Amino acid sequence: MPIRNADIAAILEEIADLLEIDGANVFRIRAYHNAARILKELGQDVRTMVEKGEDLTRLPGIGADLAGKIKEIVDTGRCKVLDDLHKRLPPAIVELLRIPGLGPKRVRVLYRELGIQTLEQLRRAVREHRIRSLPGFGEKTEMHIADALEAHGGGVGRYTRVAADQYAAPLLDYLNTVPGIDKVVIAGSYRRAKETVGDLDILATGSSEGLVMQRFVEYDDVEEILSQGPTRASVLLRGGLQVDFRVVPKESYGAALHYFTGSKAHNIAIRRLGQERGLKINEYGVFRGDKRVAGDTEESVFASVGLPFIPAELREDQGEIEAAKAGYLPKLVELSDLKGDLHAHTKASDGHNTILEMAQAAKSHGLQYLAITEHSRRLTVAHGLDPVRLLKQIDEIDKLNETLDGIVLLKGIEVDILEDGSLDLPDDVLGRLDIVVGAVHSRFGLSRIKQTERILRAMDRPYFNILAHPSGRLIGRREPYEVDMSRIIRKAKERGCFLELNANPERLDLVDSHCRMAREEGVLVSLNSDAHSILDFRNLRYAVGQARRGWLEPGDVLNTRSLKELRPLLCGTR
DNA sequence: GCCGTTTTCGGCCCGACTGTTTTCAGTCG
């Protein structure tokens with residue numbers, strides 16, 4: 001089993017965690033965490049880079065030492081530093097760090113004083129009240145640990161954006177009625193359009209802070225108050241979502257929004273830039289000595305370090321600061337740029353609405369064209385279409401188009417890519433369509449090579465236009481299938497076909513790093529709803545968010561084209 | 001452990017809240 005970026009990152013994380021417990025230099029620890037993050041977010045395969053002899057120290061945050069350790073991990077699957085740490089500290093001990101309220105210092109005390117190295121041993125010690133007498137611990141801390149152990153493994157993970165929206169919307173409505181609150185906005189990873197969020201970070205500006213905070217924690221849906229001060233509070237909502245709420249004075253809005261939006265790595269990089277200029281940047285503003293020089297708006301914060309405004313979705317310390325410095329920030333795609341949708345279902349397969357209803361809904365979302373792409377026959381559970389039914393639908397769409405105004409329907413199919421890479425419908429049928437979307441719906445467990453070859457063969461078929469949901473993942477439910485995305489992107493370039501970014505909030509593949517790879521190769525990405533009902537066109541905003549995280553401009557997106565511009569692009573594979 | 005329009009050494013983002021402490025460490029974001 002070849003080692004992946006995530007595997008290497010996990011080893012580096014474990015080293016960092018153990019170093020922390022061991023009491024190592026905090027900056028050394030940070031370097032390991034940082035390197036792990038870089039590898040996880042890297043769009044390309046580190047193993048391949050190592051095998052090609054590429055210079056890893058060109059990656060920001062990777063120096064000669066870490067480059068050597070990464071190479072060691074790629075070559076041997078292990079790392080001597082980690083092996084050495086395991087001689088001093090039990091491997092399971094890093095699990096204790098996952099308990100909220102337990103950091104490296106306390107974990108070390110637990111281990112040194114009581115020999116605790118597993119969650120089970122910690123549970124027993126809590127039951128026997130042996131924690132409270134430890135130095136730095138007390139009765140309350142012991143109770144908090146007991147609660148945290150109770151909650152641990154309770155399945156509180158990350159929330160998809162659509163799930164978070166269901167909590168956020170009513171909470172924002174409520175906060176907007178609270179006297180003393182001027183502005184309320186969601187910051188954090190939600191604002192950066194991450195595909196999942198661990199919590200909601202809400203920022204408000206206002207004056208009477210204490211009162212505002214009181215009203216926040218009195219919100220109906222609050223189940224537990226985790227902490228509460230005059231400017232900051234954290235609560236758990238019913239259902240488990242954590243909300244962090246922060247109130248700052250009006251003039252600090254920009255600085256606070258920037259700080260609270262993150263990411264952490266981006267903030268550190270920006271604050272470091274400030275430092276170089278003799279500035280101190282915190283959530284209240286930008287300061288030169290005691291003098292406040294910026295912070296009303298985010299623009300003013302960026303300007304203070306000589307940068308233009310950086311859109312929230314780019315703030316990952318993934319090159320956006322360098323791009324901003326050089327004047328190469330992308331002008332990111334927006335929802336209003338989309339002119340059509342190239343993947344939708346109707347009652348004919350597994351959708352819930354008629355073709356006409358879908359057309360009208362698409363039009364009401366400002367779209368000018370909509371491709372009807374039912375499943376093909378192989379997908380029997382979805383009532384996939386055989387040639388006869390598909391030809392019938394083609395006639396139906398032709399007739400409908402004669403009556404429709406302001407929206408054009410494209411005749412399409414979401415054809416199954418079979419295990420051998422052939423398509424589920426014959427070429428002479430596919431040739432009668434405006435658009436062919438291909439997708440993998442079976443045999444997710446193929447090896448990376450077989451899965452990749454299967455998809456590449458399908459892309460080589462005539463009429464193949466778009467590879468739908470290219471990784472097949474369902475966030476939190478199904479891992480992506482093993483596939484070499486860089487080869488697929490190169491094949492798309494070679495064949496003149498396109499990759500879908502599926503707007504279903506549980507799919508959202510392509511992921512951001514693959515969007516960037518496609519952009520760099522010059523392969524257009526299609527932002528498709530995969531709508532199964534008239535309600536699903538709303539999901540297009542999630543695809544736009546992901547596309548923006550992937551640095552995509554309107555020109556990088558297939559369906560920002562007018563129908564007239566689109567048609568010749570769909571003939572590229574014929 | 002990384003990094004360099006003053007640096008190859010000496011820095012490394014910054015503040016809020018909690019609990020245990022009697023002046024602050026630990027944790028978190």
Side-chain angles (χ1 to χ4, degrees), chain A residues 12 15-16 19-21 23-38 56-70 81 96-110 131-145 148 187-189 192 197-203 209 213 217 225-235 242-248 252 255-256 258-287 295 301 305-306 317 325:
Chain A
L12 296 178
I15 293 173
L19 283 173
E20 258 191 301
I21 297 168
N25 178 302
V26 291
F27 299 105
R28 184 176 171 218
I29 294 159
R30 183 186 296 173
Y32 278 95
H33 279 304
N34 193 38
R37 181 183 64 86
I38 287 162
L56 296 180
T57 66
R58 281 183 317 176
L59 298 172
I62 309 286
D65 185 274
L66 276 169
K69 292 200 169 71
I70 291 168
V81 176
L96 302 179
L97 289 175
R98 305 283 103 82
I99 300 295
L102 285 188
K105 301 283 164 48
R106 285 180 176 154
V107 166
R108 182 143 78 133
V109 171
L110 289 170
I131 306 288
R132 56 183 62 183
S133 54
L134 291 172
F137 290 75
E139 200 171 329
K140 278 197 156 178
T141 306
E142 185 180 88
M143 283 161 59
H144 282 147
I145 293 172
S189 53
R192 301 201 311 278
V197 297
D199 62 10
L200 278 183
D201 299 305
I202 298 182
L203 172 69
E209 292 171 349
M213 203 46 77
V217 300
I225 301 170
L226 299 173
S227 72
Q228 182 186 359
T231 68
R232 171 173 208 148
S234 293
V235 301
Q242 181 172 330
V243 180
D244 297 335
F245 183 64
R246 186 75 188 263
V247 184
V248 297
S252 296
H258 179 260
Y259 152 75
F260 221 19
T261 296
S263 65
K264 186 173 174 170
H266 169 90
N267 284 355
I268 289 174
I270 292 290
R271 286 176 176 187
R272 189 174 288 153
L273 279 183
Q275 237 178 9
E276 287 169 11
R277 293 166 175 247
L279 300 169
K280 186 175 75 170
I281 302 175
N282 60 30
E283 57 263 55
Y284 297 108
V286 181
F287 299 87
V301 176
V305 292
D317 193 24
K325 266 185 199 163

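Side-chain atoms are counted along with the backbone in the values below, which use heavy atoms only and exclude waters and symmetry mates. On a predicted model such as this, the values are computed, not experimentally measured, just so you know. Below, chains carry the letters A, B, ... as their sequence lines are ordered, and counting in each starts from 1.
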Say we look at [N] and [M]: how far apart would their [atom1] atoms be, to the nearest angstrom?
{"N": "B/dG11", "M": "B/dA16", "atom1": "C1'", "result": "25 Å"}
{"N": "B/dT6", "M": "B/dG10", "atom1": "C1'", "result": "14 Å"}
{"N": "B/dC2", "M": "B/dT7", "atom1": "C1'", "result": "14 Å"}
{"N": "B/dT18", "M": "B/dC12", "atom1": "P", "result": "28 Å"}
{"N": "B/dT8", "M": "B/dC13", "atom1": "C1'", "result": "24 Å"}
{"N": "B/dA25", "M": "B/dT20", "atom1": "P", "result": "16 Å"}
{"N": "B/dC9", "M": "B/dC14", "atom1": "P", "result": "25 Å"}

Nearest whole angstrom, please: distance from the [atom2] of [N] to the [atom1] of [X].
{"X": "A/Ile225", "N": "B/dC17", "atom1": "CD1", "atom2": "C1'", "value": "14 Å"}
{"X": "A/Gln228", "N": "B/dC28", "atom1": "CD", "atom2": "C1'", "value": "17 Å"}
{"X": "A/Tyr284", "N": "B/dC14", "atom1": "OH", "atom2": "P", "value": "15 Å"}
{"X": "A/Ile99", "N": "B/dG26", "atom1": "CD1", "atom2": "P", "value": "19 Å"}
{"X": "A/Asp244", "N": "B/dC17", "atom1": "CG", "atom2": "C1'", "value": "12 Å"}
{"X": "A/Leu134", "N": "B/dG19", "atom1": "CG", "atom2": "P", "value": "17 Å"}
{"X": "A/Phe137", "N": "B/dT27", "atom1": "CZ", "atom2": "P", "value": "8 Å"}
{"X": "A/Leu102", "N": "B/dG19", "atom1": "CG", "atom2": "P", "value": "14 Å"}

By side chain to side chain contact (heavy atoms under 4.5 Å, CB included) - contacts of A/Gln275 (at least two apart):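 Scan of A/Gln275 (side chain to side chain contact (heavy atoms under 4.5 Å, CB included), adjacent residues dropped) gives A/Arg272.
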Using 0.5 Å steps for rounding, measure from the [atom1] atom of [X] to the [atom2] atom of [Y].
{"X": "A/Ser234", "Y": "A/Gln242", "atom1": "OG", "atom2": "CD", "value": "5.0 Å"}
{"X": "A/Leu19", "Y": "A/Tyr32", "atom1": "CG", "atom2": "OH", "value": "6.0 Å"}
{"X": "A/Leu203", "Y": "A/Glu283", "atom1": "CG", "atom2": "CD", "value": "10.0 Å"}
{"X": "A/Leu56", "Y": "A/Leu66", "atom1": "CG", "atom2": "CG", "value": "10.0 Å"}
{"X": "A/Asp244", "Y": "A/Arg232", "atom1": "CG", "atom2": "CZ", "value": "6.0 Å"}
{"X": "A/Asn267", "Y": "A/Ile281", "atom1": "CG", "atom2": "CD1", "value": "9.0 Å"}

Look at all strands and tell whether [X] reaches a base, only sugar-phosphate, or nothing, counting heavy atoms closer than 4.0 Å.
{"X": "A/Glu20", "value": "nothing"}
{"X": "A/Pro104", "value": "sugar-phosphate"}
{"X": "A/Asp199", "value": "nothing"}

A/Val248 to A/Ala256 - nearest heavy-atom pair and separation: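 Heavy-atom minimum between the residues: CG2-CB, 3.6 Å.
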Contacts of A/Phe245 that satisfy ring pair (Phe, Tyr, Trp, His ring centres under 6.0 Å) - sequence neighbours left out: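 A/Phe245 satisfies ring pair (Phe, Tyr, Trp, His ring centres under 6.0 Å) with A/Phe216 once adjacent residues are dropped.
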Dump the pairs, protein N or O against N or O of nucleotides 3-10 of chain B, anything under 3.5 Å, distances to one decimal.
from	atom 1	to	atom 2	distance (Å)
B/dC3	OP1	A/Gly61	N	2.7

Could you tell me whether the side chain of [Y] reaches within less than 4.5 Å of the side chain of [X], counting heavy atoms only?
{"X": "A/Ile202", "Y": "A/Arg246", "result": "no"}
{"X": "A/Asp201", "Y": "A/Asp199", "result": "yes"}
{"X": "A/Ile29", "Y": "A/Asn25", "result": "no"}
{"X": "A/Val301", "Y": "A/Tyr259", "result": "no"}

DNA chain B contacts made by residues 27-36 of chain A, counting heavy atoms under 4.0 Å: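 The stretch gives A/Phe27, A/Arg28, A/Arg30, A/Ala31, A/Tyr32 as the residues lying under 4.0 Å from the strand, ordered by number.
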Selection: residues 262-271 of chain A, any non-hydrogen atom under 4.0 Å of DNA chain B: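 A/Lys264, A/Ile268, A/Arg271 - these, ordered by number, are the residues of the stretch whose heavy atoms sit under 4.0 Å from the strand.
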Assigned glycosidic conformation for B/dT7 [threshold 90° from 0]: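 Here B/dT7 takes the syn form, which means its glycosidic angle is within 90° of 0.
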Would you say [N] has OP1 or OP2 under 4.0 Å from some side-chain N or O of [X]?
{"X": "A/Arg272", "N": "B/dC13", "answer": "yes"}
{"X": "A/Thr231", "N": "B/dC17", "answer": "yes"}
{"X": "A/Gln275", "N": "B/dC14", "answer": "yes"}
{"X": "A/Thr141", "N": "B/dT20", "answer": "yes"}
{"X": "A/His144", "N": "B/dG19", "answer": "yes"}

Residue mapping more 5' on DNA chain B - nearest nucleotide basis, A/Lys140 or A/Asn282: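 Its nearest nucleotide lies further toward 5', so the answer is A/Asn282.
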Closest-nucleotide 5' rank along DNA chain B - winner of A/Glu139 and A/Lys69: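 Comparing both residues, the 5'-ward one is A/Lys69.
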Selection from B/dG26, B/dT18, B/dA16 that lies nearest to any side-chain heavy atom of A/Glu283: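 Looking only at side-chain atoms, A/Glu283 lies closest to B/dA16.
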Residue A/Leu66, side-chain heavy atoms: nucleotide from B/dT20, B/dG15, B/dG1 that is nearest: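 That would be B/dG1.
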Watson-Crick or G-U wobble partner of B/dT8, both distances under 3.5 Å: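 WC or wobble partner does not exist here.
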Qualifying salt bridge (Lys or Arg N to Asp or Glu O under 4.0 Å) pairs, either residue in residues 28-38 of chain A, two or more places apart: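 Found A/Arg37-A/Glu41, A/Arg37-A/Asp317.
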